[in-house]
**Student:** 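My structure is below; once you've seen it, I'll send some questions.
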Amino acid sequence: QVQLVESGGGLVQAGGSLRLSCAASGRTFNSYAMGWFRQVPGKEREFVAAIDWSIRSPYYVESVKDRFTISRDNAKNTRYLQMTSLKPEDTAIYYCAARDQPFTSAESLALTDPGYWGQGTQVTVSS
């Protein structure tokens, strides 16, 4: 069974940092674009960041550029989202996601419904 499991969420003070992890099982995702979305209750899910199979041209939503960094460790089949300078408006449930076909661009994750989703991890940033 293909599964994505997020971890690393929690409560942090504004200006602080967190690193989210997404561990995959059931499939090696080295050749798949993967990334992160977030959602606040009552709001639409928002794309945050993505990285492609070649680890080239990471793609970020404008509001997190220069604050968040997406990376992947193919040997561990794990992806990360390093978040710095966190703001209260970053508070959301963060979901790991992956495309359901290989060798696509990072941007495609934001434009196409991902085939795989994690269960989400809560990030709360206090003011």
Side-chain angles (χ1 to χ4, degrees):
Q1 180 179 344
V2 175
Q3 188 173 18
L4 304 176
V5 179
E6 302 96 332
S7 62
L11 176 64
V12 65
Q13 189 177 37
S17 300
L18 286 173
R19 188 177 76 159
L20 305 183
S21 298
C22 175
S25 62
R27 181 192 297 273
T28 298
F29 281 93
N30 294 352
S31 300
Y32 294 76
M34 300 188 68
W36 298 86
F37 291 74
R38 64 188 180 186
Q39 187 170 28
V40 176
K43 302 292 184 179
E44 295 183 354
R45 198 192 311 265
E46 177 190 27
F47 169 79
V48 178
I51 188 167
D52 74 1
W53 63 274
S54 67
I55 321 179
R56 296 179 298 177
S57 301
Y59 183 66
Y60 302 93
V61 69
E62 187 68 27
S63 61
V64 308
K65 287 182 178 179
D66 302 320
R67 298 192 298 118
F68 292 9
T69 301
I70 188 170
S71 63
R72 65 195 304 169
D73 185 337
N74 287 338
K76 297 180 179 179
N77 205 18
T78 301
R79 287 71 189 172
Y80 306 96
L81 185 68
Q82 179 67 51
M83 305 184 294
T84 61
S85 301
L86 283 163
K87 304 174 181 179
E89 51 264 44
D90 294 318
T91 296
I93 300 174
Y94 284 71
Y95 297 91
C96 181
R99 288 293 309 275
D100 58 358
Q101 58 183 353
F103 305 114
T104 61
S105 69
E107 186 176 0
S108 73
L109 193 75
L111 301 175
T112 305
D113 185 25
Y116 301 102
W117 293 92
Q119 84 289 345
T121 186
Q122 177 70 48
V123 172
T124 302
V125 184
S126 62
S127 60

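Bear in mind that the values here come from a model prediction, so they are computed numbers and not experimental data. When a residue number appears, it is its place in the shown sequence, counting from 1.
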**Student:** Using the test salt bridge (Lys or Arg N to Asp or Glu O under 4.0 Å), find all partners of Glu46 that sit at least two apart in sequence or belong to another chain.
**Tutor:**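 Only Arg38 meet the salt bridge (Lys or Arg N to Asp or Glu O under 4.0 Å) criterion with Glu46.
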**Student:** For Gln39, enumerate each residue passing the side chain to side chain donor-acceptor pair (under 3.5 Å) test, keeping only those at least two apart in sequence or located in another chain.
**Tutor:**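 Result, side chain to side chain donor-acceptor pair (under 3.5 Å) vs Gln39: none returned.
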**Student:** Using the disulfide (SG to SG under 2.5 Å) rule, collect all pairs that involve residues 69-127, keeping only residues at least two apart or in two chains.
**Tutor:**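 Every pair satisfying disulfide (SG to SG under 2.5 Å) with a residue in residues 69-127: Cys22-Cys96.
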**Student:** In Å, rounded to the nearest 0.5 Å, how long is the span from OG of Ser63 to NZ of Lys87?
**Tutor:**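 Between Ser63 OG and Lys87 NZ, I get 8.0 Å after rounding to 0.5 Å.
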**Student:** Following the transitive rule for hydrophobic clusters with a side-chain heavy-atom cut-off under 4.5 Å over Ile, Leu, Val, Met, Phe, Trp and Tyr, establish whether Val2 and Tyr32 coincide in one cluster.
**Tutor:**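 Result: yes, single cluster for both.
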**Student:** Just verifying a value: how many Å separate Met83 CE and Ile70 CD1, rounded to the nearest 0.5 Å?
**Tutor:**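 CD1 of Ile70 is found 11.5 Å from CE of Met83.
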**Student:** Could you walk me through whether Arg79 and Asn74 pass side chain to side chain contact (heavy atoms under 4.5 Å, CB included), step by step?
**Tutor:** CA-CA 8 Å; Arg79 287 71 189 172; Asn74 287 338; 3.7 Å; yes
**Student:** Once you round to the nearest 0.5 Å, how far does CG of Leu81 lie from CZ of Arg72?
**Tutor:**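 Here the rounded value is 13.5 Å.
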**Student:** Identify the heavy atoms of Val61 and Phe47 that sit nearest to each other, and give their distance.
**Tutor:**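 Shortest heavy-atom contact: CB-O, 3.4 Å.
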**Student:** Let me check something: any side-chain donor-acceptor pairs from residues 114-127 under 3.5 Å, sequence neighbours excluded? List them with distances.
**Tutor:**
residue, atom, partner, partner atom, Å
Tyr116, OH, Arg27, NH2, 3.0
Gln119, NE2, Glu6, O, 3.3
Gln119, NE2, Glu6, OE1, 3.2
Thr121, OG1, Gly9, N, 3.3
Gln122, NE2, Ala92, O, 3.4
Gln122, NE2, Thr124, OG1, 3.4

**Student:** Specify the closest pair of heavy atoms between Ile51 and Ser71, including all atoms of both residues, with the distance to one decimal.
**Tutor:**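 Of all heavy-atom pairs spanning Ile51 and Ser71, the closest is CD1-CA, 4.2 Å.
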**Student:** Among all residues two or more places apart in sequence or in another chain, which pass the side chain to side chain donor-acceptor pair (under 3.5 Å) test with Ser54?
**Tutor:**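 In terms of side chain to side chain donor-acceptor pair (under 3.5 Å), with neighbours along the sequence ignored, Ser54 is linked to Asp52, Arg56.
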**Student:** Which residue pairs pass the disulfide (SG to SG under 2.5 Å) test with at least one member in residues 33-67, sequence neighbours excluded?
**Tutor:**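 Non-adjacent pairs meeting disulfide (SG to SG under 2.5 Å): zero.
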**Student:** Partners of Phe68 by ring-ring contact (aromatic ring centres under 6.0 Å, His included), sequence neighbours excluded?
**Tutor:**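 Here no residue qualifies.
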**Student:** Determine the minimum heavy-atom distance between Phe37 and Arg45, stating which atoms define it.
**Tutor:**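 The answer is CB-CD, 3.7 Å.
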**Student:** What's the shortest heavy-atom distance between Gly35 and Leu109, and which atoms?
**Tutor:**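 Looks like N-CD2, 3.2 Å.
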**Student:** Please say yes or no: joined through hydrophobic side-chain contacts below 4.5 Å, possibly via intermediate residues, are Tyr94 and Leu4 part of one cluster?
**Tutor:**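 Cluster IDs for Tyr94 and Leu4 differ.
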**Student:** Are Thr69 and Tyr60 side-chain neighbours, meaning at least one heavy-atom pair lies under 4.5 Å?
**Tutor:**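 Answer yes - side chains close enough.
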**Student:** Name all residues meeting the salt bridge (Lys or Arg N to Asp or Glu O under 4.0 Å) criterion together with Lys43; count only those two or more places apart in sequence or in a different chain, and write none if there are none.
**Tutor:**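 Lys43 satisfies salt bridge (Lys or Arg N to Asp or Glu O under 4.0 Å) with no other residue.
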**Student:** Can you name the residues that form a side chain to side chain donor-acceptor pair (under 3.5 Å) with Asp100, not counting sequence neighbours?
**Tutor:**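 Here no residue qualifies.
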**Student:** Could you pull out all donor-acceptor pairs under 3.5 Å where a side-chain atom in residues 12-21 meets a protein atom, sequence neighbours excluded?
**Tutor:**
none

**Student:** Run the ring-ring contact (aromatic ring centres under 6.0 Å, His included) test against Tyr95 and tell me which residues pass, sequence neighbours left out.
**Tutor:**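 Partners of Tyr95 under the ring-ring contact (aromatic ring centres under 6.0 Å, His included) test: none.
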**Student:** For the backbone of Thr78 and the side chain of Asp73, can you confirm whether one donor and one acceptor N or O come within less than 3.5 Å of each other?
**Tutor:**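 Side chain of Asp73 to backbone of Thr78, a donor-acceptor pair under 3.5 Å: no, none is there.
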**Student:** Can you list everything that forms a side chain to side chain donor-acceptor pair (under 3.5 Å) with Asn30? Sequence neighbours excluded, please.
**Tutor:**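 Asn30: no side chain to side chain donor-acceptor pair (under 3.5 Å) contacts found.
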**Student:** Is there a chain of hydrophobic side chains (I, L, V, M, F, W, Y, each step under 4.5 Å between heavy atoms) that links Leu86 to Trp36?
**Tutor:**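 Yes: a chain of side-chain contacts under 4.5 Å links Leu86 to Trp36.
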